[in-house]
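Here is how names work: the chains are called A, B, and so on, in the same order as the sequence lines, proteins then strands, and each is numbered from 1.
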2 protein chains.
Amino acid sequence: MNIKNPTGTVLYSIEQAIKEYRKVSQKNIDKIVKDITIDQCLVLIILNKDERISQNELANLIFKDNASITRMIELMVKKDYLNRTIHKEDRRKFNLEITEKGKKTIELINPIVQVNRETALYGLSQEEINLLDKTLNKIITNCKI
Amino acid sequence: MNIKNPTGTVLYSIEQAIKEYRKVSQKNIDKIVKDITIDQCLVLIILNKDERISQNELANLIFKDNASITRMIELMVKKDYLNRTIHKEDRRKFNLEITEKGKKTIELINPIVQVNRETALYGLSQEEINLLDKTLNKIITNCKI
DNA sequence: TATTTTATATTGATATATCAATTATATTTG
DNA sequence: CAAATATAATTGATATATCAATATAAAATA
């Protein structure tokens with residue numbers, strides 16, 4: 001176990017890993033796009049795959065509260081990354097549409113995201129990654145019960 | 001790889017694991033102590049081991065910004081978990097002292113923290129945990145470079 | 001159909017995260 | 001020793017996290 005771990009559990013290492021990853025990722029994004037966070041990037045990337053996704057689903061996908069998503073999207077609309085229009089079939093919902101600026105931004109950040117992931121996982125074998133994922137999912141299941 | 005992973009990388013699972021762990025941990029703490037967060041608990045636990053620690057060091061240990069620590073401690077003083085006095089040798093620093101209420105709280109939360117960790121790691125072998133820690137530390141090192 | 005329940009999203013309050021600028025004190029260096 | 005530099009912590013501004021309460025619309029049910 002790591003010396004610099006004041007709790008002595010691997011759960012601390014999990015937190016540390018994700019924090020370091022987020023830090024380096026944000027730093028690399030900042031070099032290319034000035035006014036976007038990694039979570040906002042993730043929103044763009046997810047919407048780019050399927051624009052019909054609701055704010056609710058989006059919140060679940062990126063582990064955020066509905067309230068947080070509301071405010072994130074507000075900002076992203078203000079910064080012209082997204083358009084928001086009322087959903088015709090279900091008037092409680094909204095359509096989230098990626099703007100031209102949003103699309104260009106996705107093009108810019110896609111390679112960075114790739115590099116970030118490769119950087120973080122450098123030197124890990126596929127087997128090691130699979131095992132990591134498997135163990136983490138055990139923990140996720142344990143915590144959900 | 002997990003179906004419910006929109007990014008397709010294990011880094012998403014890392015984030016998910018720590019979020020679920022924090023959620024269940026906070027829920028269990030709430031049952032016993034009303035007005036404390038898991039990060040504030042961690043502050044108490046760390047200070048309980050060594051009260052001579054500075055705010056700076058504390059921030060690094062729990063992956064927070066100096067500014068965040070300042071405000072967290074402010075609150076913890078207000079809620080009577082900590083006392084804060086000026087450091088005599090270095091007048092830029094402060095002594096952080098756990099109050100009686102803080103000490104009682106530590107007694108209350110210690111068993112919960114244990115249970116939380118056991119819950120999260122239930123069914124994992126020691127070997128599996130060691131490997132997890134090792135892999136995570138590779139990622140941490142990769143991101144720090 | 002009217003009422004109740006559920007789902008989607010917003011708002012308000014408060015805490016935390018992050019960055020940059022600032023204050024105060026210590027340490028280093030010329 | 002004086003000036004420059006470094007360190008510890010705070011403050012301000014803005015974004016995000018979280019919880020509870022609310023508004024609105026849709027779906028279920030009596």
Trainee: When the distance from CD of B:Gln55 to P of D:dA9 is rounded to whole Å, what number comes out?
Mentor: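 Computing the B:Gln55:CD to D:dA9:P distance gives 5 Å.
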Trainee: Specify the residues of residues 96-103 of chain B, ordered by number, for which at least one heavy atom lies under 4.0 angstrom from an atom of DNA chain D.
Mentor: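 The stretch gives none, as no residue of it lies under 4.0 Å from the strand.
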Trainee: Salt-bridged, B:Asp30 to B:Lys23, with N to O below 4.0 Å?
Mentor: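 So B:Asp30 does not pair with B:Lys23 through a salt bridge.
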Trainee: Is the shortest side-chain N to carboxylate O distance from A:Asp65 to B:Lys19 below 4.0 Å?
Mentor: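 Looking at B:Lys19 together with A:Asp65, the answer is no, because their closest N to O distance does not fall below 4.0 Å.
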Trainee: Would you say the side chains of A:Gln114 and A:Asn110 form a donor-acceptor pair under 3.5 Å?
Mentor: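 The answer is no; no qualifying pair exists.
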Trainee: Please determine if A:Asp133 and A:Lys138 form a salt bridge, counting it only when a charged side-chain N lies under 4.0 Å from a carboxylate O.
Mentor: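 No salt bridge links A:Asp133 with A:Lys138.
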Trainee: Which pairs of donor and acceptor atoms, one on a side chain in residues 67-75 of chain A, lie under 3.5 Å apart (sequence neighbours left out)?
Mentor:
unit_1: A:Thr70; atom_1: OG1; unit_2: A:Asn66; atom_2: O; d: 3.1

Trainee: Is the closest side-chain heavy-atom distance between B:Val113 and A:Thr7 below 4.5 Å?
Mentor: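 A side-chain contact under 4.5 Å is absent here.
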Trainee: Between B:Glu20 and A:Ile140, which heavy-atom pair has the shortest distance, and what is it?
Mentor: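 Nearest heavy atoms, B:Glu20 then A:Ile140: CG-CG2, 4.1 Å.
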Trainee: For B:Asn56 and B:Asn60, test the side chains for any donor-to-acceptor distance below 3.5 angstrom and give the result as yes or no.
Mentor: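 On atom types as modelled, these side chains do not qualify, holding no pair under 3.5 Å.
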Trainee: How long is the line joining CD1 of B:Ile73 and C1' of D:dT11, in whole Å?
Mentor: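 The answer, rounded to whole Å, is 15 Å.
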Trainee: Examine D:dA9: is either OP1 or OP2 under 4.0 Å from a nitrogen or oxygen in the side chain of B:Asn56? Give yes or no.
Mentor: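 For B:Asn56, the contact criterion (side-chain N or O under 4.0 Å from OP1 or OP2 of D:dA9) is met.
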Trainee: Which part of the nucleic acid, if any, lies within contact of A:Arg84, taking any heavy atom under 4.0 Å across all strands shown: a base, the sugar-phosphate backbone alone, or nothing?
Mentor: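 Contact class for A:Arg84: sugar-phosphate only.
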Trainee: So which protein nitrogen or oxygen atoms get under 3.5 Å of nucleotides 20-23 of chain D's nitrogens or oxygens?
Mentor:
none

Trainee: Carefully, step by step, assess A:Lys103 and A:Asp80 under the rule salt bridge (charged side-chain N to carboxylate O under 4.0 Å, His left out).
Mentor: CA-CA 11 Å; A:Lys103 280 176 190 162; A:Asp80 191 32; over 6 Å; no
Trainee: Using a strict 4.0 Å threshold on nitrogen-to-oxygen distance, state whether B:Glu15 and A:Arg22 make a salt bridge.
Mentor: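 Salt bridge between B:Glu15 and A:Arg22, a charged N being under 4.0 Å from a carboxylate O: yes.
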Trainee: Would you say the ring centers of B:Tyr12 and A:Tyr21 fall short of 6.0 Å from each other?
Mentor: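 Between A:Tyr21 and B:Tyr12, which both carry aromatic rings, the centre distance is not below 6.0 Å.
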Trainee: Can you tabulate the close N/O pairs, meaning under 3.5 Å, that link protein atoms to atoms of nucleotides 25-27 of chain D?
Mentor:
unit_1: D:dA26; atom_1: OP1; unit_2: A:Arg91; atom_2: N; d: 3.1

Trainee: I'd like the 5' and 3' limits of the part of DNA chain C contacted by chain A, with heavy-atom contacts below 4.0 Å.
Mentor: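 The contacted stretch runs from C:dA7 to C:dA13.
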Trainee: Under a 3.5 Å cutoff, is there a donor and acceptor pairing between the side chains of A:Lys31 and A:Asn28?
Mentor: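 On atom types as modelled, these side chains qualify, holding a pair under 3.5 Å.
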Trainee: How many angstroms lie between NZ in A:Lys93 and OG1 in A:Thr85, if you round to the nearest 0.5 Å?
Mentor: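 The distance works out to 13.0 Å.
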Trainee: Considering only heavy atoms from C-beta outward, does the side chain of B:Asn142 approach that of A:Val24 to under 4.5 Å?
Mentor: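 Side chain of B:Asn142 against side chain of A:Val24, heavy atoms only: no contact under 4.5 Å found.
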Trainee: Can you pull out the residues from residues 28-45 of chain A that lie within a 4.0 Å heavy-atom distance of DNA chain C?
Mentor: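 Those residues whose heavy atoms fall under 4.0 Å from DNA chain C, taken from residues 28-45 of chain A, amount to none.
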Trainee: Provide, to the nearest angstrom, the distance between the CZ atom belonging to B:Phe94 and the C1' atom belonging to D:dA9.
Mentor: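 One finds 7 Å between C1' of D:dA9 and CZ of B:Phe94, rounded.
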Trainee: Start with the C-alpha gap between B:Gln16 and B:Ser13, add the side-chain angles, then the distance that decides, and say whether side-chain hydrogen bond (donor to acceptor under 3.5 Å, both in side chains) holds.
Mentor: CA-CA 5 Å; B:Gln16 187 171 11; B:Ser13 299; 5.2 Å; no
Trainee: B:Glu57 or B:Arg71: which one's nearest nucleotide on DNA chain D is closer to the 5' end?
Mentor: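 It is B:Glu57 whose nearest nucleotide is closer to the 5' end.
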Trainee: Is there a path of hydrophobic side-chain contacts, each under 4.5 Å between heavy atoms of I, L, V, M, F, W or Y residues, that connects B:Val33 with B:Leu82?
Mentor: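 Same cluster: B:Val33 reaches B:Leu82 through Ile, Leu, Val, Met, Phe, Trp or Tyr contacts under 4.5 Å.
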Trainee: So what does A:Ile69 hit on the nucleic acid, given a heavy-atom distance under 4.0 Å: a base, only sugar-phosphate, or nothing?
Mentor: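 Nothing: the residue A:Ile69, judged by heavy atoms under 4.0 Å, touches no strand.
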